[in-house]
Amino acid sequence: MGCSSSRTITEGRKEKIRRPKAWKHPQPISRAELTQMREEFWDTAPHYGGKKEIWDALRAAAEEEDLSLAQTIIESAGVIVQNTDLTICYDEKGSKYELPKYVLRDPSNLIRTK
């Protein structure tokens, strides 16, 4: 776990981060409900372990639309990415950080308001 690279190494090449695959919430969900779920996750996540600085970097990367900037945020924080969609990451001391898809991508059944 002492590796300082934040990219997953697969067959000798480094993989860039990507958004998770499309997912569907059990029932259609509004933007307000999704925002509330995300806020609850980010407010409680640091209480389950790991460093606040890493959680802050993961949140900044998750909320960043530009994947190259999200990659830079992850690399600058020293986050070790196990899954290129950011669902499983580690810090340099080996603490595990698991991110649910709902903080990384909108569901396919998000209720769109006009």
Side-chain angles (χ1 to χ4, degrees):
M1 292 295 163
C3 176
S4 63
S5 172
S6 66
R7 297 180 184 167
T8 301
I9 298 174
T10 307
E11 298 176 13
R13 12 167 256 211
K14 292 183 178 181
E15 300 289 332
K16 292 185 178 182
I17 63 171
R18 59 177 174 75
R19 295 282 174 226
K21 292 179 181 176
W23 67 281
K24 189 174 182 178
H25 193 270
Q27 67 264 356
I29 185 171
S30 70
R31 171 68 60 194
E33 291 168 317
L34 180 62
T35 299
Q36 181 179 354
M37 287 172 57
R38 288 176 173 171
E39 287 299 322
E40 287 174 5
F41 173 80
W42 292 119
D43 287 346
T44 60
H47 300 290
Y48 294 102
K51 298 193 299 190
K52 183 179 182 328
E53 301 81 30
I54 300 296
W55 284 114
D56 290 346
L58 289 169
R59 181 175 187 169
E63 293 176 350
E64 179 56 54
E65 289 296 318
D66 180 350
L67 286 179
S68 63
L69 183 52
Q71 182 89 38
T72 301
I73 293 167
I74 293 299
E75 290 174 355
S76 297
V79 175
I80 300 162
V81 177
Q82 179 174 330
N83 292 353
T84 57
D85 64 3
L86 296 181
T87 53
I88 300 177
C89 301
Y90 293 88
D91 64 23
E92 292 172 335
K93 292 188 176 188
S95 295
K96 187 176 184 180
Y97 300 80
E98 292 187 64
L99 302 182
K101 287 183 182 178
Y102 65 81
V103 301
L104 299 166
R105 184 174 185 159
D106 291 349
S108 60
N109 60 342
L110 182 67
I111 299 169
R112 310 255 181 224
T113 57
K114 296 180 182 180

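Note that the coordinates shown come from a computational prediction; the quantities given were computed from them, not determined experimentally.
Within the 4.5 Å cutoff, side-chain heavy atoms of R31 are placed close to those of L34. Using a 4.5 Å heavy-atom threshold, the side chains of Y97 and I80 count as separate. Two residues are said to be in side-chain contact when any heavy atoms from C-beta on lie closer than 4.5 Å; I74 and L58 meet this criterion. Between R105 and D85, the closest side-chain pair of non-hydrogen atoms is not below 4.5 Å. Contact of the S95 side chain with the I54 side chain is not registered, since no non-hydrogen atoms from C-beta on lie closer than 4.5 Å.
Looking at D91, its side chain does come within 3.5 Å of a backbone N or O of G94 through a donor-acceptor pair. A donor-acceptor distance shorter than 3.5 angstrom exists from the side chain of N109 to the backbone of H25, with no hydrogens or angles considered. Side chain of Q71 to backbone of I17: a donor-acceptor contact under 3.5 angstrom is found.
Ion pairing between D106 and R19 fails under the 4.0 Å rule for side-chain N and carboxylate O.
Put simply, CG on L104 and CD on E63 are 10.0 Å apart, with the number rounded to the nearest 0.5 Å. The distance from atom CD1 of I29 to atom CG of L110, rounded to the nearest 0.5 Å, is 7.5 Å. Between atom NE2 of residue H47 and atom NZ of residue K52 there is a gap of 10.0 Å, rounded to the nearest 0.5 Å. Put simply, OG1 on T72 and CG on L67 are 10.5 Å apart, with the number rounded to the nearest 0.5 Å.
Linking ILVMFWY residues whenever their side-chain heavy atoms come closer than 4.5 Å, directly or via other members, leaves L86 and I73 in distinct clusters.
Aromatic ring pairs are classed by plane angle as parallel below 30°, tilted from 30° to 60° and perpendicular above 60°; the pair W23 and Y102 is tilted.
For the pair A62 and W42, the tightest heavy-atom approach, listed with the atom from each and the gap, is CB-CZ2, 3.9 Å. The shortest non-hydrogen separation linking A70 to A61 is CB-O, 3.6 Å.
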